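Report on one structure; see the data block that follows.
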Amino acid sequence: MANFAKPDVPRFSVDVYQNEYLPEGGREVNAIVTVTATGGGTIGKGPGAAAAGRRPSAAVAVMVDCSGSMDYPPTKMRHARDATAAAVDTLRDGTHFAVIGGTHVATEVYPGGGRLAVAGPATREEAKRALRRLSAGGGTAIGTWLRLADRLLASADVTLRHGVLLTDGRNEHESPDDLRAALDACAGRFTCDARGVGTDWEVKEVTAIASALLGTADIVAVPAGLAADFTRMMETAMGKEVADVALRVWTPVGTAIRFVKQVAPAVEDLTGRRTEAGPRAGDYPTGSWGDESRDYHLCVEVPPAGLGREMLAARVSLVVPGPDGTAQNLGAQGLVRAVWTDDMTASTAISPQVAHYTGQAELAQVIKQGLDLRKVGDFDGATAKLGRAVQLASASGNADTAKLLAKVVDVVDAATGTVRLKTRVAEADEMTLETRSTKTVRVKK
């Protein structure tokens, strides 16, 4: 384990958990890499925080769905206005910000003129007055909202750029390709949390937005819960200290990366997001960090070797963009090893951390498969997949997911995964399970 620290930013550390022993001819090395940032979240948060000047500069764009469906019921639009006002109140002094109204076009609600406001008592009140004029009408083209947010956020010379997106409906006024192109254009330029309110939106659309932009996705089934959710989201955003952190993985000649996945606090496959970083090295984006810890599952294929041989299978480090555009190494490093042995007890043992997160990744997968099968009427297949999900959630102690599953299936025996599909399931319960299916519990070390 190694770590790195600078004044007023988190100290990063890397820990590696694995069973490095392989049988003769063994080629697959698995490791859980825990990255922890500590010591950066000790400064006061919120408006008027005395030490706000010591925090990195930040810009935030809040995108509020103003399509016609937000008027059904009318209280939905009111709660969206109240939630956005709560988010504005949570901004710390000095944060650059804008509010965008989203329909089939994107409109600058505040401050307007292609610019950002700077948070302070006066601009917060101005923004809240502007929010009172928001009304529902029009269609939904989320890609246009994201592109406007990108232009506004890029106009500020800041360290951290973040978006918050709220929608209540499906993205019906642009093609899936248009939305994907917008996400591709915005990826790496700002992070974004996405929320679906009510039950008329598409889970896969909202989770895809959060995934592409390295943010969180969730459902707010009851609009009255929006203000509390927006406040929590903004508090988390205001707690970020370092932007654009990448996991750099170096491997020696003859090895190949099979996959790199974030496995806690949620499952996110990063394998396809690799950017080359010199000979034998690649960077995997992790977004912005405050005081927090995340786990990653690294799987490496190594060349077979004789008994008693050992090798460095991978070296994991953390980098951020430096002032001159080149990567700056944060100094935190972890080593993944491979050792070939004829000790069957050693070579067949599975690291508890690897076993746990392999199960958590499978849990997320079978929930999605089960819900998809249920939607197309394959009830036997859905029962089998969701039964396996109940079994995995029970075995790993994922109580939150177990509770969500119990709203979709009747659990006969959690240990064996014996379940019955419920005849009637509230749409909000099914969407909540689907949206939160990737959330994991940490392994007990």
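Here the structure is a predicted model, which means the values were calculated and not measured. Computation of the quantities below employed the complete heavy-atom set of this structure, encompassing side-chain atoms and omitting hydrogens, waters and symmetry-equivalent molecules.
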Those residues at least two apart in sequence (or on a different chain) that pass salt bridge (Lys or Arg N to Asp or Glu O under 4.0 Å) with Arg170 are Glu202
Close side-chain approach of Asp244 and Val320, heavy atoms under 4.5 Å: no
Just jot down the salt bridge (Lys or Arg N to Asp or Glu O under 4.0 Å) partners of Lys375, sequence neighbours excluded, or say none. Glu434
side-chain hydrogen bond (donor to acceptor under 3.5 Å, both in side chains) pairs touching residues 103-112, sequence neighbours excluded, are Tyr110-Glu126
Pair Ser69, Asp168: side-chain N/O donor-acceptor within cut-off below 3.5 Å: yes
Looking at residues at least two apart in the chain, or sitting in another chain, which of them share a side-chain hydrogen bond (donor to acceptor under 3.5 Å, both in side chains) with Thr251? Thr255
Does Arg180 come within less than 4.0 Å of Asp184, counting only side-chain N to carboxylate O? yes
Test side-chain hydrogen bond (donor to acceptor under 3.5 Å, both in side chains) applied to Asp150 - qualifying residues, sequence neighbours left out: Arg189
Please examine the side chains of Ile367 and Leu433, heavy atoms only from C-beta on, and report whether any two atoms are closer than 4.5 Å. yes
Quick check against the 3.5 Å criterion: does Arg161 have a side-chain atom that pairs as donor or acceptor with the backbone of Ala156? yes
Keeping to residues at least two apart or across chains, list the ring-ring contact (aromatic ring centres under 6.0 Å, His included) pairs with something in residues 173-218. none
Is the number of heavy atoms from other residues, nucleotides or ligands under 6.0 Å of Ile350 CD1 greater than 12? no
Is any side-chain N of the basic residue among Lys385 and Asp372 closer than 4.0 Å to the acidic one's carboxylate O? no
Check: Thr236 side chain, Arg232 main-chain N or O, donor-acceptor pair, under 3.5 Å: yes
Qualifying residues under salt bridge (Lys or Arg N to Asp or Glu O under 4.0 Å), relative to Glu172, sequence neighbours excluded: none
Please list all pairs passing the side-chain hydrogen bond (donor to acceptor under 3.5 Å, both in side chains) test where one or both residues lie in residues 207-222, with sequence neighbours left out. Asp193-Thr216, Arg195-Thr216, Ser211-Glu268, Ser211-Arg273, Asp218-Arg436
Partners passing salt bridge (Lys or Arg N to Asp or Glu O under 4.0 Å) against Arg315 (at least two apart in sequence or in another chain): none
Which of these, Thr286, Val316, Val14, sits in a side-chain contact (heavy atoms from CB on, under 4.5 Å) with Tyr296? Thr286
Across all chains, not counting sequence neighbours, the side-chain hydrogen bond (donor to acceptor under 3.5 Å, both in side chains) partners of Thr191 are His162
All pairs passing ring-ring contact (aromatic ring centres under 6.0 Å, His included) where residues 232-291 contributes a residue, at least two apart: Phe12-Trp289, Phe259-His297
Could you tell me which residues satisfy side-chain hydrogen bond (donor to acceptor under 3.5 Å, both in side chains) with Gln262, sequence neighbours excluded, listed by chain and number? none
